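First up is the structure itself, then whatever we jot down about it.
Not measured: the values here are computed from a predicted model.
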Amino acid sequence: MEAVTGHPRLYCRKGTYYHRAAIPVDIKETYPKSEETFSLKTKDYREALKRVRVAAASVDRLFEEHRHKRNSPATDELTSEQLKHIQDVYYAHLLEEDEEIRLDGFLDDADDGSLQFAPTFDEYGELLEDALDYNKGQLARGRSDVFLHAEAEEVLTWDSVNLKLAPGSPSWRLVERELLKATVRAYRDNRKRNEGEVVETPLLPKVTPRSDYPLLSVALEDWITERSRSSWKEKTASEHRVWISHFLATVGDRPIDQYRKVDAKAFKTALLSLPSNWNKKNVLKGLSLANAAEVARAADMEPMSDSNLNKIIGFVAAFWNWADSNFDDVQSGLFKGLKIKRTKSVREERDPFTMEELRKVFNVPIYRGCKSLRFWKRPGKLVPRDAGIYWVPLIGLYTGARLGEIIQLYVSDIKEENGVRYFDINEDGEDKRLKNRNSVRSIPIHQDLVQMGFLDLVESRKKARQKRVFPDLKAGDDGYYSSPFTKHFRRHLESIGIKRDTLVFHSFRHTLEDACRECGVAHDVMDAIQGHGEEGMSARYGRGYTLRRLNEEMQKIKYSGLDLSHIVHSPSGT
């Protein structure tokens, strides 16, 4: 069986992936198996990564349950290994106490009397000798006292010991004796320190405190299941799962109450060194995020953009916001303040189309005559007035709506109220999704679209009993209608020689904003049309204006210098 990168418990045997975990040392003697190994029942690496995280969380719960069963009811007798561990833990504790006293300083070393409750160095030495003699005497005679018994009760509750001993057990005397041994050892070594000799405080294995909270990997699946019941589709769930899994792999899988700000900062530090699409670069393929960050930093690769980094932090922060709302004792604001402050405004990240660029966009063969839908870039006789690739850019120009909002329109979303025809942007359908609650809105249909024949198209869809306005535009493998069209529109821009990183379909939103300003459309009305708004202000945007008022402003919008007369078809009225 061969170990596989991506998760410490992921192994592969003959093409099938397995979960494999050694039994923790503290329960190895009593656990019924020598290791927890079983098939994940998949040969797909990505699926195996998902399943191994869930399996690991489940097995960790088994381990924890076994610990609880082992410790309850109370143990009647401790093993020699447990007793020796108690001695080592207490010895380290006493040496650590001594180190703290020396770091604080002695009274005769102070100038200002601030250490007035500390002993002098000589007094500390005398106290040490007296205590050493007393404890050696107690150990020689096999004696104990009330203090020692109380100390034994305390030590057994420490996270590094965590044992429950039955009252009346003969092991109580043995525990007290181990504490005496540890005390004699520690005081002898403290005396050496007084003589200037180096005695290091031993480092015991760090023990993670027990927690009643779920592991991050388990809580993650609960969160995704909950969100997927309401608004999330597979792509959204996948994006969040991927990046939170990277966070998990970077800082470790622990109960969710045990994560701190330092974990969030460690994740951000790794992201700062990662290039965009890092897992597609040959030199970084197959590496964990943390290792990929180290390699990328050493190779001086160009890091991802600030906006991408902030998007990733947003994915992970969304989980912790949910955890903070659903569990007590989870640190709030884990990722608060960690996003990069952008040097560019959101507007600067996307350009509006210039008038010359708009002329080029709407004078291609699609609008003048193309050979066929397949060969839409070649001149011909076909003007595909019933095709999505014909209408979607025009609707984007006259609404500023997002690409997905346009393509997912139902025929029933084209409505009329008091003589105003409008787009009803909603998510009332299994295949619909919107960016946020402010995206639900009504957009009056511009008269130019009517003159171009859009309402005729809608009427033909009704007669054909079509559900969607653009049934020819299919969703991509990720479930989003926008994904395939984004690629088509990129090819569209490339074919007319105006493609650049800051010019995309979303640029129509900025183009409409410029047109609104130029034509004197009220700013609040523009925000209502585009679905802008802040948390708690949705009542203002999209609901604060009547359709009549929105329509009055919408019809003001003109694109002076843009001749689209060749697109005007057969008006069907207002």
- request: For a ring-ring contact (aromatic ring centres under 6.0 Å, His included) with Tyr259, tell me which candidate from Phe335, Phe327, Phe267, Trp320 qualifies.
  value: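 Exactly one candidate clears the test, Trp320.
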
Indicate every side-chain donor-acceptor pair of residues 276-285 with a distance under 3.5 Å to a residue at least two apart or in another chain.
none

Sequence neighbours left out, what passes side-chain contact (heavy atoms from CB on, under 4.5 Å) with Arg490? Give chain and number order.
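Expected list: Lys487, Glu494, Lys499.
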
Just jot down the side-chain contact (heavy atoms from CB on, under 4.5 Å) partners of Arg468, sequence neighbours excluded, or say none.
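Applying side-chain contact (heavy atoms from CB on, under 4.5 Å) to Arg468 gives Ile407, Tyr410, Asp431, Leu473, Tyr481.
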
Who are the ring pair (Phe, Tyr, Trp, His ring centres under 6.0 Å) partners of Tyr18, not counting sequence neighbours?
->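 Ring pair (Phe, Tyr, Trp, His ring centres under 6.0 Å) check on Tyr18 returns nothing, list empty.
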
- prompt: Who pairs with Phe319 by ring pair (Phe, Tyr, Trp, His ring centres under 6.0 Å), at least two apart in sequence or on another chain?
  reply: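 Applying ring pair (Phe, Tyr, Trp, His ring centres under 6.0 Å) to Phe319 gives Trp223, Trp322.
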
With under 30° as parallel and over 60° as perpendicular, where do the rings of His492 and His488 fit, or are they tilted in between?
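His492 and His488: perpendicular rings.
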
Counterpart residues, side chain to side chain donor-acceptor pair (under 3.5 Å), relative to Glu405 (two or more places apart) =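 Side chain to side chain donor-acceptor pair (under 3.5 Å) check on Glu405 returns Arg402, Arg441.
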
- Who passes side chain to side chain donor-acceptor pair (under 3.5 Å) against Lys33, sequence neighbours left out?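 By the side chain to side chain donor-acceptor pair (under 3.5 Å) rule, Lys33 matches Glu36.
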
Self-check item: Derivation of the salt bridge (charged side-chain N to carboxylate O under 4.0 Å, His left out) call for Asp189 and Arg185
Solution: CA-CA 6 Å; Asp189 286 336; Arg185 286 175 58 201; 5.8 Å; no

(Q) Can you confirm whether Lys311 is buried at NZ, in the sense that more than 12 heavy atoms of other residues, nucleotides or ligands lie under 6.0 Å from that atom? (A)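 Result for NZ/Lys311: open.
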
- Message: Does Arg374, at its CZ atom, have more than 12 non-hydrogen atoms belonging to other residues, nucleotides or ligands within less than 6.0 Å?
- Response: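 At most 12 heavy atoms, drawn from other residues, nucleotides or ligands, come within 6.0 Å of this atom.
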
With sequence neighbours left out, which residue pairs that include part of residues 3-17 fulfil the salt bridge (Lys or Arg N to Asp or Glu O under 4.0 Å) condition?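 Sorted pair list: Arg9-Asp60.
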
Subject >> Sequence neighbours excluded - salt bridge (Lys or Arg N to Asp or Glu O under 4.0 Å) pairs with any residue from residues 263-272 >> reply: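 Sorted result for residues 263-272: Arg254-Asp263.
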
Pairs where residues 36-57 contributes a residue and the test ring-ring contact (aromatic ring centres under 6.0 Å, His included) is met, not counting sequence neighbours: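 Of all non-adjacent pairs touching residues 36-57, those that pass ring-ring contact (aromatic ring centres under 6.0 Å, His included) are His19-Phe38.
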
- Inter- and intrachain pairs under ring-ring contact (aromatic ring centres under 6.0 Å, His included), touching residues 164-187, at least two apart: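 For residues 164-187, and leaving out neighbouring residues, the ring-ring contact (aromatic ring centres under 6.0 Å, His included) pairs sorted by first residue read His149-Trp172.
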
Could you pull out every donor-acceptor pair under 3.5 Å between side chains of residues 290-303 and any protein atom, sequence neighbours left out?
| unit_1 | atom_1 | unit_2 | atom_2 | d |
| --- | --- | --- | --- | --- |
| Asn291 | ND2 | Ser288 | OG | 3.2 |
| Arg297 | NH1 | Ser273 | OG | 2.7 |

Pair Glu47, Thr42: side-chain N/O donor-acceptor within cut-off below 3.5 Å
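Side chains of Glu47 and Thr42: no pair found under 3.5 Å.
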
